[in-house]
Structure formats: C-alpha cells, structure tokens
A.B. asks: 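Sharing a structure with you now.
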Amino acid sequence: MAGSTEVPYLLRAARGEELERPPVWMMRQAGRYMKVYRDLRDKYPSFRERSENPDIAIEISLQPWKAFRPDGVILFSDILTPLPGIGIDFDIVESKGPIINQPIRTQEQIDQLHLLDLDKFGFIRKILKALRDEVGNDAAVLGFVGAPWTLGAYAIEGKSSKNYSIIKGMAFSQPAMLHQFLGKLADAIAIYVRYQINSGAQVIQMFDSWAGELSPQDYETFALPYQQRVVQQVKATHPDTPFILYISGSAGVLERMGQSGVDMVSVDWTVDMAEARARLGHNMKVQGNIDPGVLFGSHAFIRDRIVDTIRKAGNKGHILNLGHGVLPGTPEDNVRFFFETAKQADQLMAVHA
C-alpha cells in the first residue's frame with residue numbers, strides 16, 4: 001500500500017482536527033474537463049459501462065489523483081447506480097442525462113420494489129478496494145450516494161426536470177404513497193452506504209441535489225426525515241465514518257441541513273462561507289464553497305478566492321472544495337493551479353495575514 005501509516009489528511013479534517021491548511025478535493029474531479037477522460041469516454045461511450053466496469057471506473061477515479069494529487073479520491077459512479085438493486089432500471093444518455101423508461105407513478109410499482117440486492121454491486125467493492133490500495137493514506141477514499149428525495153425525483157420524473165412537477169404533484173396529492181417510496185429508498189441507500197464503507201470508503205458524501213427545489217416546510221416533510229433515516233441507520237453500525245451532505249441551491253435550507261445528523265455540510269457558492277459558519281453553528285463542519293466559474297479566472301483571482309474562503313471558514317473542520325462540480329471546458333491548468341495553491345494555503349495565509 002502506498003503512502004505513510006498516518007491518518008489521511010482529509011479524514012483528520014472531517015473528524016474536526018485543527019490543521020495548518022484545509023484538505024482539498026473537487027466534486028466531479030474525474031470528468032469532461034480532463035482530456036484523458038474525454039479520450040476514454042470516446043472509447044467507451046456508455047456511461048454505465050464506464051462506471052460499472054471496475055477496470056475503467058478505477059482508471060477514471062484515479063485520473064485526477066495522478067494529475068493533481070487531491071486529498072480526497074472519490075469513487076467514479078452515479079447516484080442512480082443502486083436503483084437496479086431494488087428493481088428500477090435506468091440508462092444515462094450523453095447530453096440528456098439519466099433516463100428511467102418506466103418511471104414510478106403507481107402504488108403497484110412501489111409495492112413491487114424489493115430490498116437492495118447487494119449481489120449486483122460487486123464492481124463497487126472492487127473499485128473501492130483498488131482505490132484504497134492505490135492511494136494508501138496519501139488521500140482519503142470517498143464513497144457517495146444520492147439522498148432519497150433526489151433519487152425519488154429521478155425515479156418519478158423519469159429524467160432530469162426543471163420544475164419537479166410530477167414528484168411535487170405526488171407529494172401534495174398522494175403524500176402517503178410518496179412517503180412509502182421515500183422510506184424504501186432510504187433503507188436501500190443505508191444498506192448501500194454500509195456496503196461502500198465495508199468495501200473501503202472512508203468518508204461518505206450524500207447528494208440531495210434537488211432538495212434545494214423544495215420550500216423549507218416541504219424540505220422538512222419530504223427530504224430531511226429521509227436524510228436522517230439514512231444517516232441514523234449508517235451511524236448505528238459505522239459511527240466513526242464521516243458523513244457529508246451536499247445540496248445544490250441550499251442557502252434557504254442551510255440550518256435544516258445541519259439537522260440531518262451528518263458530520264459536515266457541503267456549502268454551495270450562493271451563501272458566504274462566514275455566514276454559513278454562523279448559521280450552521282460552531283460544531284458543524286463545512287465543505288466548499290468556491291464557485292466553479294472561478295476556475296475560468298486568472299491565477300491571481302483563483303488564489304484570492306481560495307484565501308478568502310479559507311479565512312472565512314477557519315482552520316478547523318473545513319474541507320476546501322467547489323460549491324458544485326467542475327464545469328466542462330474548465331482549463332486543466334487552472335485545476336492544477338487550484339490544487340497546488342490550496343496545498344500551500346498555510347504559507348499563503350501567512351503572507352495575506
């Protein structure tokens with residue numbers, strides 16, 4: 001195993017240690033902005049093949065590790081990956097995103113869903129074990145899952161949506177049916193999280209990508225209880241594995257995110273980091289929250305934003321990240337500069353003190 005015998009730096013931050021600089025990784029680290037990824041995508045055009053063939057997924061997961069040496073290496077996968085394990089099949093079409101040909105709309109469909117079949121996910125175990133072997137303790141290996149509301153939104157809408165009218169229609173006209181579905185999803189996700197941890201994931205990030213589309217009162221009804229259900233089940237068996245929650249457009253529900261039971265809230269760029277710290281309270285750890293568009297700026301601009309974010313977040317319980325995934329077309333050299341600068345942040349902060 002590569003690296004030293006020390007605890008990975010990112011894991012120390014996730015556990016709340018005071019550090020000289022924050023650890024750094026990026027959401028969508030392996031992706032369309034990297035030429036090596038685009039070349040591989042041309043060779044293997046099916047997303048599911050790229051994410052479910054261990055050899056390919058391992059290579060993709062490690063592309064940014066080999067290029068930039070982030071403090072966290074995340075499993076290359078998709079939030080919909082566990083759905084076939086309960087009886088919901090999907091495809092991912094380039095430029096269109098996830099497609100579910102038989103969206104969940106009826107009680108009968110919900111009744112037919114079964115407990116998560118872990119036999120379908122041997123590739124996840126292989127990928128995570130390989131990532132741990134490759135990076136050793138030089139980086140933490142992150143697993144990830146979708147949260148129940150977001151997976152439910154995909155499953156019910158059948159594809160990405162701009163207004164989520166179908167799932168909201170179900171929420172507001174047939175709430176008992178939706179609650180039953182969200183409960184089944186939560187139980188399946190908890191099993192899937194534990195499987196990832198047992199396979200080598202050291203930190204889990206849960207994406208409730210579309211929960212920011214809910215009003216605060218509906219978030220409390222349809223998103224928060226099921227985030228809590230997942231976290232409680234996982235913490236019952238794996239209390240020491242840090243849990244991060246990310247929501248896009250989360251400024252309106254930030255305090256409620258802190259009630260989910262997670263160890264860390266990943267903040268997007270629509271809220272100032274100092275304000276996020278104040279709103280979440282002293283004990284909640286934070287991740288984020290640089291606008292991905294900053295990576296299209298000059299090196300001096302990128303450096304200034306890194307310094308500003310770290311100063312506002314403080315030197316305890318913060319993981320430096322973007323407020324969303326790396327955007328297609330982002331200059332690779334700027335990604336490299338971001339990582340290099342972040343890793344010298346202790347010196348930078350001294351200069352800018």
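Keep in mind that this is a model prediction, so the values were computed, not measured. Starting from 1, each residue takes its place in the sequence as its number.
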A.B. asks: Within the 4.5 Å heavy-atom criterion, are Lys343 and Arg69 side-chain neighbours or not?
C.D. replies: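 Lys343 vs Arg69: side chains touch.
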A.B. asks: Please walk me through it: do Val203 and Asp263 pass side chain to side chain contact (heavy atoms under 4.5 Å, CB included)?
C.D. replies: CA-CA 10 Å; Val203 180; Asp263 304 281; over 6 Å; no
A.B. asks: Would a 4.5 Å heavy-atom cut-off, applied to side chains only, mark Tyr195 and Ile124 as touching?
C.D. replies: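 The answer is yes, as the side chains (C-beta and beyond) meet within the 4.5 Å cut-off.
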A.B. asks: Are Arg229 and Ile189 packed together at the side-chain level, in the sense that at least one heavy-atom pair is separated by less than 4.5 angstrom?
C.D. replies: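 The answer is no; the side chains never approach within 4.5 Å.
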A.B. asks: Donor-acceptor check, side chain of Ser61 to backbone of Phe76, threshold 3.5 angstrom: yes or no?
C.D. replies: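 Indeed, once roles are kept as given, a pair shorter than 3.5 Å links the two residues.
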A.B. asks: Answer yes if the side chains of Gln109 and Gln102 hold a donor-acceptor pair under 3.5 Å, and no otherwise.
C.D. replies: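 Side chains of Gln109 and Gln102: no pair found under 3.5 Å.
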A.B. asks: Ignoring hydrogens and angles, tell me if any N or O in the side chain of Gln202 forms a donor-acceptor pair with the backbone of Val141 under 3.5 Å.
C.D. replies: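 Indeed, once roles are kept as given, a pair shorter than 3.5 Å links the two residues.
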A.B. asks: Walk me through it: do Arg336 and Glu340 pass the test salt bridge (Lys or Arg N to Asp or Glu O under 4.0 Å)?
C.D. replies: CA-CA 6 Å; Arg336 175 195 59 75; Glu340 286 179 359; 2.6 Å; yes
A.B. asks: Please answer whether the main-chain N or O of Gly288 pairs with a side-chain N or O of His318 as donor and acceptor at a distance below 3.5 Å.
C.D. replies: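 Yes: the side chain of His318 pairs with the backbone of Gly288.
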A.B. asks: Is there a side-chain contact between Glu20 and Asn315 in this structure, where contact means two heavy atoms from C-beta onward sitting under 4.5 Å apart?
C.D. replies: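 SC-SC contact between Glu20 and Asn315 ruled out.
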A.B. asks: Assess whether a salt bridge exists between Arg311 and Asp308, defined as any Lys/Arg side-chain N lying under 4.0 Å from an Asp/Glu carboxylate O.
C.D. replies: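 Salt bridge: no.
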A.B. asks: Does a side-chain heavy-atom distance below 4.5 Å link Ile204 with Thr241?
C.D. replies: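 Answer yes - side chains close enough.
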A.B. asks: Within the structure provided, determine whether Val145 and Ile79 are in side-chain contact (heavy-atom separation under 4.5 Å).
C.D. replies: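 Not in contact.
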A.B. asks: Under 4.0 Å between a Lys/Arg side-chain N and an Asp/Glu carboxylate O for Arg38 and Asp42?
C.D. replies: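 Asp42 and Arg38: not salt-bridged.
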A.B. asks: Would you kindly say whether Thr150 and Asp208 are connected by a side-chain donor-acceptor distance under 3.5 Å?
C.D. replies: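 There is such a pair between these side chains.
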A.B. asks: Considering all heavy atoms of both residues, which atom of Ile88 and which atom of Ala155 are nearest to each other, and what is their separation?
C.D. replies: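 So the minimum-distance heavy-atom pair works out to CD1-CB, 4.3 Å.
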A.B. asks: Spell out, as yes or no, whether a donor-acceptor pair under 3.5 Å connects the side chain of Asp89 to the backbone of Pro84.
C.D. replies: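 Between the backbone of Pro84 and the side chain of Asp89 there is no qualifying donor-acceptor contact (under 3.5 Å).
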A.B. asks: Let's go through Leu322 and Asp291 carefully: what are the C-alpha distance in whole Å and the side-chain angles of both, what is the deciding distance for side chain to side chain contact (heavy atoms under 4.5 Å, CB included) to 0.1 Å, and is it a yes or a no?
C.D. replies: CA-CA 6 Å; Leu322 302 178; Asp291 183 343; over 6 Å; no
A.B. asks: For Leu254 and Leu280: C-alpha separation, side-chain torsions, deciding distance, then whether side chain to side chain contact (heavy atoms under 4.5 Å, CB included) applies.
C.D. replies: CA-CA 7 Å; Leu254 197 60; Leu280 286 164; 4.0 Å; yes
A.B. asks: Go through the steps for Met177 and Ile110 under the test side chain to side chain contact (heavy atoms under 4.5 Å, CB included), then give the verdict.
C.D. replies: CA-CA 8 Å; Met177 189 167 83; Ile110 294 169; 3.4 Å; yes
A.B. asks: Under 3.5 Å, is there a donor-acceptor pair between the Asp218 and Thr221 side chains?
C.D. replies: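 No donor-acceptor contact under 3.5 Å links the two side chains.
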A.B. asks: Can the ring centroids of Phe222 and Phe181 be said to lie less than 6.0 angstrom from one another?
C.D. replies: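 Centroid distance Phe222-Phe181: not below 6.0 Å, so no.
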A.B. asks: Less than 6.0 angstrom separating the ring centers of Tyr226 and Trp149, yes or no?
C.D. replies: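 That pair fails the under 6.0 Å test.
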A.B. asks: When Trp210 is tested against each of Tyr246, Tyr219, Tyr164 for ring pair (Phe, Tyr, Trp, His ring centres under 6.0 Å), which residue passes?
C.D. replies: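 Only match with Trp210 under ring pair (Phe, Tyr, Trp, His ring centres under 6.0 Å): Tyr164.
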A.B. asks: Any idea which heavy atoms bring Lys312 and Ala274 closest together, and the distance?
C.D. replies: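 Scanning both residues completely, I find the closest heavy atoms to be CB-N, 3.7 Å.
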A.B. asks: Is the count of non-hydrogen atoms from other residues, nucleotides or ligands lying under 6.0 Å from His282 atom NE2 greater than 12?
C.D. replies: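 Atom NE2 in His282 is not crowded, with 12 or fewer foreign heavy atoms closer than 6.0 Å.
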A.B. asks: For the side chain of Asn137 and the backbone of Val7, is there at least one donor-acceptor N/O pair under 3.5 Å apart?
C.D. replies: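 No; judged by distance alone, with no hydrogens or angles, the pair does not exist.
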A.B. asks: Please determine whether a side-chain nitrogen of the Lys or Arg among Glu17 and Lys316 lies less than 4.0 Å from a carboxylate oxygen of the Asp or Glu.
C.D. replies: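 Salt bridge absent between Glu17 and Lys316.
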A.B. asks: Assess the side chains of Gln287 and Gln205: does a donor N or O sit below 3.5 Å from an acceptor N or O?
C.D. replies: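 Yes, Gln205 and Gln287 have a side-chain donor paired with an acceptor closer than 3.5 Å.
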A.B. asks: What I want to find out is whether Asp91 reaches Arg48 closely enough, with some N-O distance under 4.0 Å, to be called a salt bridge.
C.D. replies: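 The answer is no: the pair does not qualify as a salt bridge.
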A.B. asks: If only atom types and distance count, is the side chain of Arg277 paired as donor or acceptor with the main-chain N or O of Ala313 below 3.5 Å?
C.D. replies: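 Pair found, side chain donor or acceptor close to backbone of Ala313.
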A.B. asks: How long is the span from the CD atom in Gln63 to the CG atom in Asp39, to the nearest 0.5 Å?
C.D. replies: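 That separation rounds to 9.0 Å.
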A.B. asks: Here's a test for you: under ring pair (Phe, Tyr, Trp, His ring centres under 6.0 Å), which of Phe338, Phe337, Phe339 qualifies with Phe68?
C.D. replies: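 Testing Phe68 for a ring pair (Phe, Tyr, Trp, His ring centres under 6.0 Å) against Phe338, Phe337, Phe339 leaves exactly one candidate, Phe339.
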A.B. asks: Please tell me whether His299 and Asn334 have a donor and an acceptor in their side chains that are separated by less than 3.5 angstrom.
C.D. replies: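 Their side chains do contain a donor-acceptor pair, which is all the 3.5 Å distance test asks for.
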